[in-house]
2 protein chains.
Amino acid sequence: MSIVDAAAGVFCREGFAGANIDLIAAEAGVSRQTVYNHHRDKEKLFIAVVRDLTERCNAGIFATIATFPDQPGDLEADLIAFAVRLNQNCICNRDGKFLRKLIQTEGERYPELFAEWREQGPGRTWPAIAARFARLAYGGHLTIDDPDVAARQFLGLVNAELQTTFMLGGTPSEDEVVQSATSGVRTFLRAFGKRPSPTSVKRHTALANA
Amino acid sequence: MSIVDAAAGVFCREGFAGANIDLIAAEAGVSRQTVYNHHRDKEKLFIAVVRDLTERCNAGIFATIATFPDQPGDLEADLIAFAVRLNQNCICNRDGKFLRKLIQTEGERYPELFAEWREQGPGRTWPAIAARFARLAYGGHLTIDDPDVAARQFLGLVNAELQTTFMLGGTPSEDEVVQSATSGVRTFLRAFGKRPSPTSVKRHTALANA
DNA sequence: ACAAATTTAGACACTCTTGTCCAAATCGTC
DNA sequence: GACGATTTGGACAAGAGTGTCTAAATTTGT
């Protein structure tokens, strides 16, 4: 395991102040001196860790966004599968857990560093997801006013059941992820889905609602 | 300011390991020795802080749940107002912010302590909110399958726009809270609200949906 | 005003951690 | 096998923090 990987784990478990360079070195399987050779001091090492996690997580998220259903066959099933992928590959995996925890615990101590994350992360991924929803709406598969809002609500819904687990730093089971995604997508489609018109493909109807 | 209050602030800012008893004493306006007189050691003090926050937050949440709209005049406006109250009085206030941060940062270090919180907090408040939604559904104002799921989705929706701010430990502005609650409730009602039947009061229709 | 309880300031021992230094060992490459 | 670069382990100084102790000061109740 690389030094940065080991450091990520220790920083997450112990926090910045509690993290011990000896322990990081031991978990990385190198001597303490090597840690200091590669990264001048504890703070530089921490910054390297966050940058590394941000990059890897972003890559994963964009790769997953690329699998967003464009020409849905069964929209419900496709969205559920997408939500599950997003959770399993980007949010519940090691990198996602670590990055989330570091942001929560040390975000206030390094405003510039995490402002960077905010721009590169949510600032780029949310619009990307919103664009995919806009495309579905344009194609007549959804009825959406504001794609940005819809995208954030989609994420809020499919993670609604996992909040407590996330808070405590736990990893939800595959079952829980599927459960939450399923009920989340169902609600999402009740709000934004087209009303049952199984035949028409190109009609771009807006359903008045009150 | 009491010792426990000062300790809450310092533990939140610095984390458990980084918190300094001298600093806590100074912010509380007492001598270090007094801190040790009241709370045997750092860990006992930390536990006292979490217990205190949990109690106060729970009290606030239940007080706010008591204002849940039972006989809604304008359901949308009533739910938005409720969501805003919940956020302002229980989640965005000092206690809420502190408790959330302590759970996120130290949750894994004190499993029993935070298991207690989980039982007393989400374990009791979520069902309470679900019960209020069930009542609205029973009264014919909403169409809900599973009130527990609906309650969690309601919370996920009205907070959907505030996630990033929460993550970084910030406090959303009143405007942001209202914005998020408004679009969240609108979506919630699109999914669970009764379809436009402005006259009938007691008809308990279930709308098939695909 | 007096006695008991509490608080205070400071000194103190102890532990832990960071970051540096250096000589010996190990590794990679030719 | 030899040479340069890297790694290693250990010692080390400096600083910071915890928790204890004590004698003096202050508060509290009566």
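All heavy atoms count here, side chains included; hydrogens, waters and symmetry mates do not. From a predicted model like this one, the values you see are computed outputs, not experimental measurements. Just so we're on the same page: letters track the sequence lines, and every chain starts at 1.
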**Asked** Do the ring planes of B:Phe188 and B:Phe133 sit parallel (below 30°), tilted (30 to 60°) or perpendicular (above 60°)?
**Response**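 It falls in the tilted class, 30° to 60°.
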**Request:** Name the orientation class of the two ring planes belonging to B:Phe46 and B:Phe16 (parallel below 30°, tilted from 30 to 60°, perpendicular beyond 60°).
**Result:**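 Ring orientation of B:Phe46 relative to B:Phe16: perpendicular.
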**Message:** Does a side-chain N or O of A:His38 approach OP1 or OP2 of D:dT7 to a distance below 4.0 Å, or not?
**Reply:**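 So the side chain of A:His38 is within the cut-off, an N or O lying under 4.0 Å from OP1 or OP2 of D:dT7.
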**Request:** Ignoring backbone atoms, test whether A:Thr34 places a side-chain nitrogen or oxygen under 4.0 Å from the OP1 or OP2 oxygen of D:dT8.
**Result:**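 Yes, within the criterion.
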Between atom [atom1] in [X] and atom [atom2] in [N], what is the gap in whole Å?
X	N	atom1	atom2	result
A:Leu23	C:dC16	CG	P	14 Å
A:Ile24	C:dT18	CD1	C1'	12 Å
A:Asp41	C:dT17	CG	P	17 Å

**Message:** Can you give me the bend angle of the helix from C:dA1-D:dT30 to C:dC30-D:dG1? Use the axis through the first five pairs and the one through the last five, nearest 10 degrees.
**Reply:**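 Computed from the C1' atoms at both ends, the axes differ by 40°.
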**Request:** Return the minimal non-hydrogen interatomic distance between B:Pro69 and B:Phe82, and the atom names on each side.
**Result:**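 Where B:Pro69 meets B:Phe82 most closely, the heavy atoms are CD-CB, 4.1 Å.
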**Prompt:** Residues in salt bridge (Lys or Arg N to Asp or Glu O under 4.0 Å) with A:Arg135, at least two apart?
**Reply:**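 Counting only residues at least two positions away or on another chain, A:Arg135 forms a salt bridge (Lys or Arg N to Asp or Glu O under 4.0 Å) with A:Asp70.
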**Request:** Not counting sequence neighbours, which residues clear salt bridge (Lys or Arg N to Asp or Glu O under 4.0 Å) with B:Glu43? List them please.
**Result:**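 If we apply the salt bridge (Lys or Arg N to Asp or Glu O under 4.0 Å) test to B:Glu43, skipping adjacent residues, there are no hits.
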**Message:** For B:Thr67 and B:Thr64, which I'm curious about, is there any donor-acceptor pair between the side chains at under 3.5 Å?
**Reply:**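 On atom types as modelled, these side chains do not qualify, holding no pair under 3.5 Å.
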**Message:** Between B:Gln163 and B:Asn159, do the side chains contain a donor N or O and an acceptor N or O under 3.5 Å apart?
**Reply:**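 No pair is found: no donor N or O on one side chain lies under 3.5 Å from an acceptor on the other.
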**Request:** Just grab all the salt bridge (Lys or Arg N to Asp or Glu O under 4.0 Å) pairs involving residues 150-176 of chain B, residues at least two apart or on different chains.
**Result:**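 Applying salt bridge (Lys or Arg N to Asp or Glu O under 4.0 Å) to every pair that reaches into residues 150-176 of chain B, excluding sequence neighbours, yields A:Arg152-B:Glu161, A:Glu161-B:Arg152.
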**Prompt:** What pairs of residues pass the salt bridge (Lys or Arg N to Asp or Glu O under 4.0 Å) test when at least one of them lies in residues 74-94 of chain B, not counting sequence neighbours?
**Reply:**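 Checked against salt bridge (Lys or Arg N to Asp or Glu O under 4.0 Å) - neighbours excluded - the pairs reaching residues 74-94 of chain B are B:Glu76-B:Arg186.
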Expected list for residues 17-26 of chain A: side-chain donor-acceptor pairs under 3.5 angstrom, two or more places apart:
unit_1	atom_1	unit_2	atom_2	d
A:Asn20	OD1	A:Asp22	N	2.7
A:Asn20	OD1	A:Leu23	N	3.3
A:Asp22	OD1	A:Arg32	NH1	2.5
A:Asp22	OD2	A:Arg32	NH1	3.2

Any protein N or O atoms within reach of nucleotides 15-17 of chain D? Criterion: under 3.5 Å, listing atom names and distances.
unit_1	atom_1	unit_2	atom_2	d
D:dG17	OP1	B:Asn20	ND2	3.2
D:dG17	OP2	B:Asn20	ND2	3.4
D:dG17	O5'	B:Asn20	ND2	3.3

**Request:** Under the ring pair (Phe, Tyr, Trp, His ring centres under 6.0 Å) rule, collect the residues that match up with A:Phe114, sequence neighbours excluded.
**Result:**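 Listed in chain order: nothing, the list is empty.
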Enumerate all atom pairs, one protein N or O and one N or O from nucleotides 10-15 of chain C, separated by less than 3.5 Å.
unit_1	atom_1	unit_2	atom_2	d
C:dA11	N6	B:Arg32	NH2	3.0

Under 3.5 Å, sequence neighbours excluded: what are the donor-acceptor pairs made by side chains of residues 1-12 of chain A?
unit_1	atom_1	unit_2	atom_2	d
A:Ser2	OG	A:Val4	N	3.3
A:Ser2	OG	A:Asp5	N	3.1
A:Ser2	OG	A:Asp5	OD2	3.4
A:Asp5	OD1	A:Arg56	NH2	3.3

**Message:** Can you pull out the residues from residues 44-53 of chain A that lie within a 4.0 Å heavy-atom distance of DNA chain D?
**Reply:**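 Within this stretch, nothing sits under 4.0 Å of the strand.
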**Message:** According to side chain to side chain donor-acceptor pair (under 3.5 Å), who are the partners of A:Glu108, at least two apart in sequence or on a separate chain?
**Reply:**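 For A:Glu108 the side chain to side chain donor-acceptor pair (under 3.5 Å) partners, ignoring immediate neighbours, are B:Lys101.
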